[in-house]
There are 2 protein chains.
Amino acid sequence: MAEAQLARAGRHRDSRETQERLLDAAERLLAERGFAGTSLRAVTQAAGTSVSAANYHFGSKEELWRATLARRIAPINRRRLESLDALEQAAGGAPLALEAIFEAYLGPLFAERAARHAVHFVAARLYSDPPELVSTLKLELFGEVIRRFLDALARALPDRSRMELGLRFQFAVGCMVHVMSGNLEDAPLLMESVPESAAAAADDVLADASVLRHMVAFIAAGLRAPAGDAR
Amino acid sequence: MAEAQLARAGRHRDSRETQERLLDAAERLLAERGFAGTSLRAVTQAAGTSVSAANYHFGSKEELWRATLARRIAPINRRRLESLDALEQAAGGAPLALEAIFEAYLGPLFAERAARHAVHFVAARLYSDPPELVSTLKLELFGEVIRRFLDALARALPDRSRMELGLRFQFAVGCMVHVMSGNLEDAPLLMESVPESAAAAADDVLADASVLRHMVAFIAAGLRAPAGDAR
DNA sequence: GTCTATATGTTGATAGAC
DNA sequence: GTCTATCAACATATAGAC
């Protein structure tokens, strides 16, 4: 068996490795230019394979894209749920702090950032690529996560309606997606501070840990804010 | 002169009107599927013209897209600045309330929503289409707006660094873009409330005025929140 | 299981008739 | 100024060789 495999590996490339090279290339290219903006050719060329190989392994361009998204997002959501589990177990039924909830939600994403993967952009594509491509995948990957985190929010803010919590949770997701999409890099350009100190200040404030800290504070406060009437 | 124009209008379609039909069609289609996902043919077909006409009037697909974005966004930014002018004049040098600042920023956008235009999605594309297509346009259209609104924020929150304000302003933009991109429609699906009352509650909370009110409250509170150390 | 060759369609842009 | 006809380049997918 081992030798049969070796013989095959001599004649053909390892299937598993080819698939991963395809996923890596797809991740990089599709993250940058989206589904419609990236040709299957470009992906397979970057992966050092052929179009037929991609279609053989994944069936179609769409399926390759979905596999690319799922590969990165599934483990992040797993870690989100693990963190939430740990928090709830430690709290023993008591409501969690909003800050803790959102650290559990955002932390796994920011942890990946250091790993230099295009995971951020990939995840952001979930929200900008055509719905028919990603909506079922989104429900699949996020169904339980959203339910569990909304439950935690409902316990932390028992006087809010579930609709209101859902709406504001979407605001929080918006903050996250926007930062993941790389729009932070625009920020320094737009805010012409004193040029000399600007770069240093930018590096400091835009460091991952700092951004996460600010985002958690921003979102938690935003959720706590009363609806505010006509003013 | 008038008869010459009439004679031309008889032989050929009115140039101005053709351009607007092209812009309308481009707005609708490009908003839904993005630049790469929309063929020039699809746009011209929807506009009842030909590919050559579009290239004649706009030079290229890229230029048509930029013109489409600019047509909608420029007047919104004009109204934003007018609102801010009015607020600052009324305040006579005193710092503005954060809520007022963001009503000035978000109001013109939500006002357009009622007009049933694809303006939201179009604006959202600014943040998901390839940078080389939109980044110079973004600077052109938003340069002054961002500067003026950041100045107002800096006066309202004088103890914050400009970098921090810029970062959090991006969070606010993220909320806005995410809602514009239509992600609110996902919300009801994800939050399985009591099925019967869910629809009514959703309509209520997701009405434009309600969303705007919640968003302003969310963002203002988020900006006021202190950075929050290690927790 | 993987690749070569190819089928079949669509893309954006333009040259030239009217 | 606008349209018809046409372009080369590119798209995805597949049939069949190895």
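Letters A, B, ... are given to chains in the order of the sequence lines, protein chains preceding strands, and every chain is numbered from 1.
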Note to self: Whether B:Arg168 engages the ring of A:Phe218 as a cation-pi pair (distance to the six-membered ring centre under 6.0 angstrom, angle to the ring normal within 45°) should be assessed.
What the structure shows: no

Next item on the list: Could you tell me if the ring centre of A:Tyr127 sits under 6.0 Å from that of B:Tyr127?
Entry: no

Check: D:dC3 P sits how many Å from B:Gln45 CD, rounded?
Finding: 14 Å

Note to self: So that I can tick it off, tell me whether B:Glu63 and B:Arg66 are bridged by a salt bridge, with the cut-off set at under 4.0 angstrom between side-chain N and carboxylate O.
What the structure shows: yes

Margin query: Let's see if you get this right: which residues in residues 52-60 of chain B place a heavy atom under 4.0 Å from DNA chain C?
Written below: B:Ser52, B:Asn55, B:Ser60

Note to self: So which atom in A:Asp129 and which in A:Gly34 form the shortest heavy-atom distance, rounded to 0.1 Å?
What the structure shows: OD1-CA, 3.9 Å

What protein N or O atoms touch nucleotides 7-11 of chain C N or O atoms at under 3.5 angstrom, if any, and at what distances?
unit_1, atom_1, unit_2, atom_2, d
C:dT11, OP1, B:Ser39, OG, 2.9

Check: With distance as the sole criterion, is a donor-acceptor pair present between the side chains of A:Thr136 and A:Glu140 under 3.5 Å?
Finding: no

Note to self: Tell me whether A:His178 contacts the main-chain N or O of A:Gly174 through its side chain, where contact means a donor paired with an acceptor under 3.5 Å.
What the structure shows: no

Note to self: I need the CG-P distance between A:Leu22 and C:dG1, as an integer number of Å.
What the structure shows: 16 Å

Check: Could you state the interatomic distance from CG (B:Leu212) to CE (B:Met176), rounded to the nearest 0.5 Å?
Finding: 12.0 Å

Checklist line | Euclidean distance, atom CG of residue A:Leu64 to atom C1' of D:dA13 [Å, nearest integer] | finding: 14 Å

Checklist line | Between C:dA13 (P) and B:Glu63 (CD): distance, integer Å | finding: 10 Å

Check: Hey, would you say the B:Phe149 and B:Phe142 ring centroids sit under 6.0 Å apart?
Finding: no

Check: Is there a donor-acceptor pair closer than 3.5 Å between any side-chain N or O of B:Arg80 and the backbone N or O of B:Tyr105?
Finding: yes

Item checked: Under the 3.5 Å Watson-Crick or G-U criterion, the dot-bracket string of DNA chain C, with | for inter-strand pairs -> |||||||.||||||||||

Checklist line | Qualifying residue, where the test is salt bridge (Lys or Arg N to Asp or Glu O under 4.0 Å) with A:Glu27 and the options are A:Arg72, A:Arg21, A:Arg125 | finding: A:Arg72

